[in-house]
Structures are given as C-alpha cells and as structure tokens.
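So the structure is just underneath, and the comments pick up after that.
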Amino acid sequence: MPGFKGLAVPGPTNMPFEVRQAMDVALEDHRAPDFPDFIIPLMNDVKKVFKTTTGEVFIFPGSGTGGWESAIANLMSPGEKVLTSVFGQFSHLWADLCERFGLEVDAIQCEWGTGVPLERYEQSLAADKDHKIKAVLVCQNETATGVTSDVAGVRRILDGLDHPALLLVDGVSSIGSIDFRMDEWGVDVAVSGSQKGFMLPTGLAIVAVSQKALQAKKDSTLPVCFFDYDDMQKNNAMGYFPYTPAVTLLRGLRASLDLIDSEGLESVFARHNHLAGGVRAAVDAWGLRNCAQAPKWHSDTVTAILVPEGFDANDVIKTAYCKYDLSLGAGLSKVAGKVFRIGHLGWLNEIMVLQALGGVELAMRDVGIPFEPGAGVGAAVRHFSNTAEEMRIAAE
Ligand SMILES: *Cc1c(COP(=O)(O)O)cnc(C)c1O
C-alpha cells in the first residue's frame with residue numbers, strides 16, 4: 001500500500017530527518033588534522049546523556065551486543081564470578097555471553113515480566129564474604145518483556161554491604177530515553193547502541209566506563225583487541241581512534257545529540273513517560289494484560305502485550321505487517337506467540353503512537369481478538385489530552 005510504513009518495534013527506531021541529512025555527506029578523512037575538533041566535543045556530549053563527568057565514553061563500530069562483550073573482555077578474567085538475573089531474552093543473552101567467555105555465572109532465574117530481584121541480589125552479595133563476585137550485571141530495561149529495573153537499588157545494596165563488585169548495566173533500550181545516572185548510581189560500565197534511544201541506524205556500540213573499571217582492567221586476563229578500552233582511550237584523548245571509526249554514523253550521532261540537547265534530556269524522559277502512558281491506557285482499554293507484572297516494572301520505552309489464551313501473537317504481528325505495513329515487535333524465546341511488543345522510544349510523538357495503536361486494533365480485529373474497536377485509541381487520546389499539559393509544565 002502507498003504511504004509510510006509504520007515502525008513500532010523497540011529498535012531500530014524512527015530516524016529524525018535531521019539525523020538522515022547529517023549523514024548524507026561525503027566520506028571523510030579520519031586522520032585529518034581537524035578531525036579532533038569534531039570528535040572531542042562529540043565525546044563530551046555523549047557523556048551528558050550518560051550523566052557522567054568522571055567516566056570515559058567509548059564508541060565502537062558494532063551493536064549493543066558488542067558493548068556487552070567489551071565490558072566482559074576488558075574487565076574480567078577466566079573463571080571469575082558474575083552475579084546476574086534472567087527475566088527476558090536480553091538479560092539471558094548477556095548471561096550467555098559471560099558463559100561463553102568462561103566466567104562463572106550465577107544467573108538468578110526470575111519470572112519473565114518481573115525485573116532485577118533486589119532481595120536476591122542482596123542475599124547473594126551478603127553471602128559472598130570473600131568478595132568472589134567480581135561484577136554484578138543489571139539489565140536496566142528488558143526489551144523482550146517491557147520491564148524496567150531499579151539500578152540505583154542495586155547500587156544501594158552494594159554500598160550497604162561495602163561490596164567492591166563492579167556494576168555493569170545494559171542500557172541499550174533505556175539510555176537517552178529513560179532516567180539513567182552513571183555517576184550518581186556508581187555504574188562502572190553502561191552499554192548502549194545507536195539504533196534505539198539515539199535514533200540512528202544500527203552500527204555503533206556506545207559505552208561509558210568508570211575510572212574504577214579502567215583500574216580493574218589492569219588485572220583482567222581475558223584477551224581483548226577490537227574492543228580494547230586502553231587503545232580507545234589513548235587515541236580518543238587526541239581526538240582519534242585506533243582503527244577506522246564509523247564517521248558517517250558519528251555525524252548522525254552529532255545531529256542526534258543536538259536534538260536531545262535542544263529538547264532537553266529531562267523533557268525527553270517526560271515525553272517517553274507520556275507516550276508510554278498512552279500505550280498502557282490502550283492495553284487496559286482493550287482488556288489485555290501488560291507482560292510487565294506490576295507498575296514498578298512498566299517500561300517507558302517498550303510495552304509487551306499478552307494476547308488472550310487461544311490466540312497467537314504472531315498472527316497479530318504478521319497481519320499488522322502484511323496488511324497494514326506496521327512493524328510490531330515479536331515475542332522472543334519463552335514469550336514467542338504470547339506477546340507482541342510496541343516500541344515507543346526515540347523520535348516519536350502522540351500521533352505516531354496513535355497510528356501504531358490504530359494499526360494494532362485493525363490487526364487484532366482481523367485475527368478475531370475480542371475488544372471494542374477504538375477503545376485503545378480512545379483511551380490513549382484521553383490519556384494524552386489529560387497529561388499533555390502536565391508534561392509541558394514539567395518541561396519548563
Ligand atoms: C537491543 C538490545 C540489545 C542488543 O543490542 P544489539 O544492538 O541488537 O546488539 C541488548 N540489550 C537490550 C536491552 C536491547 O534492547
């Protein structure tokens with residue numbers, strides 16, 4: 001059908017025109033004498049999104065998965081222990097990566113739809129008297145189930161027990177979209193990628209690394225080359241890279257950071273909360289359930305919606321795509337066929353969310369899921385008109 005294709009997956013997200021235009025440039029010499037004039041301010045501005053002044057930011061060609069790998073390969077040694085929790089496909093995959101690197105992985109299995117189990121982290125860390133646990137992993141926003149976890153809560157536990165473990169956070173689908181505070185929360189590595197909150201094409205792993213982590217790197221014995229933080233730090237200090245950087249994407253990143261800055265980071269967060277509230281209101285009005293089991297887990301960047309017993313969520317996704325040109329996120333692994341996901345992060349406004357909700361209604365009706373047509377869209381409209389003014393006040 002003619003017209004825009006709707007992209008309502010939780011990454012890649014919609015790309016702003018400013019970002020597209022910024023990347024429509026001739027390729028550049030990354031060893032040119034004026035290249036640092038571009039790179040040094042860029043790195044400083046990325047730090048603002050992570051809310052770090054003391055940490056270092058490194059940008060690798062890659063994706064979020066590469067960011068995970070960089071954290072492990074730089075900081076850990078074979079056989080060392082990490083504490084993590086698994087409650088969705090992404091938290092599962094990072095634990096799996098640690099296993100493949102030969103680490104001892106204590107992965108607390110949680111019900112999908114819940115998040116980081118603070119009490120159980122506390123128990124494990126309290127029992128770890130001789131500090132065998134070298135790193136604690138947290139998936140801040142589990143994109144498979146639409147669950148946000150309490151990173152600050154994990155920091156409080158570590159501090160309360162005076163436990164020296166590194167705090168490694170997967171912020172791929174949260175950083176730049178929902179509250180994240182690298183320095184305040186004492187995060188040692190924060191991992192992100194380009195194609196979610198940063199509104200860029202896939203192709204960059206963006207990580208922020210604390211001084212404590214850079215110190216810990218000195219004792220690590222895992223081999224690392226492409227993702228070596230030391231090589232990056234040495235070259236970045238002069239405004240260069242140890243190998244060819246993805247300069248075109250960095251031009252896009254410059255535009256994306258400018259957009260975030262002109263809106264204001266806190267307003268970006270408020271907008272995500274506002275838009276997510278509309279989606280959650282729609283889910284309630286359809287009489288369906290959010291995969292995230294409690295409001296404290298509700299993600300402002302993605303919502304996973306459980307279809308009623310007897311229906312296949314993949315039919316909704318397929319119909320939305322084939323008949324209405326709307327991409328929805330699929331259920332991954334354990335929740336395959338049980339949920340479809342609406343991504344609501346990045347370059348997005350109320351109208352775009354209503355479009356996605358309208359597409360979901362068309363597809364659900366075709367598939368035979370019972371609900372009152374317009375109920376979800378109407379609930380979102382009510383939510384938006386009720387909270388738009390509050391959001392504007394909060395932004396000022
Ligand atoms: C998307 C995502 C990843 C993986 O990132 P890629 O860019 O696909 O490698 C990891 N963690 C979370 C939470 C994600 O949403």
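One-based numbering, in listed order, for ligands and for the atoms of each.
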Partner set under side-chain hydrogen bond (donor to acceptor under 3.5 Å, both in side chains) for S91, not counting sequence neighbours
E142
Identify, chain by chain and in numerical order, each protein residue with a heavy atom under 4.0 Å from an atom of ligand 1.
S63, G64, T65, W68, F90, N141, T143, D170, V172, S173, Q195, K196
Tell me if the aromatic rings of H163 and H131 count as close, with their centers under 6.0 Å from one another.
yes
Judged by modelled atom types alone, do N141 and S174 share a side-chain donor-acceptor pair under 3.5 Å?
no
Compute whether any side-chain donor of one residue and acceptor of the other, for D183 and T52, lie under 3.5 angstrom apart.
yes
Taking only Lys NZ, Arg NE, NH1 and NH2, and the carboxylate oxygens of Asp or Glu, determine whether R254 and D258 approach each other closer than 4.0 Å.
yes
Pair F227 and F58, ring centroids less than 6.0 Å apart
no
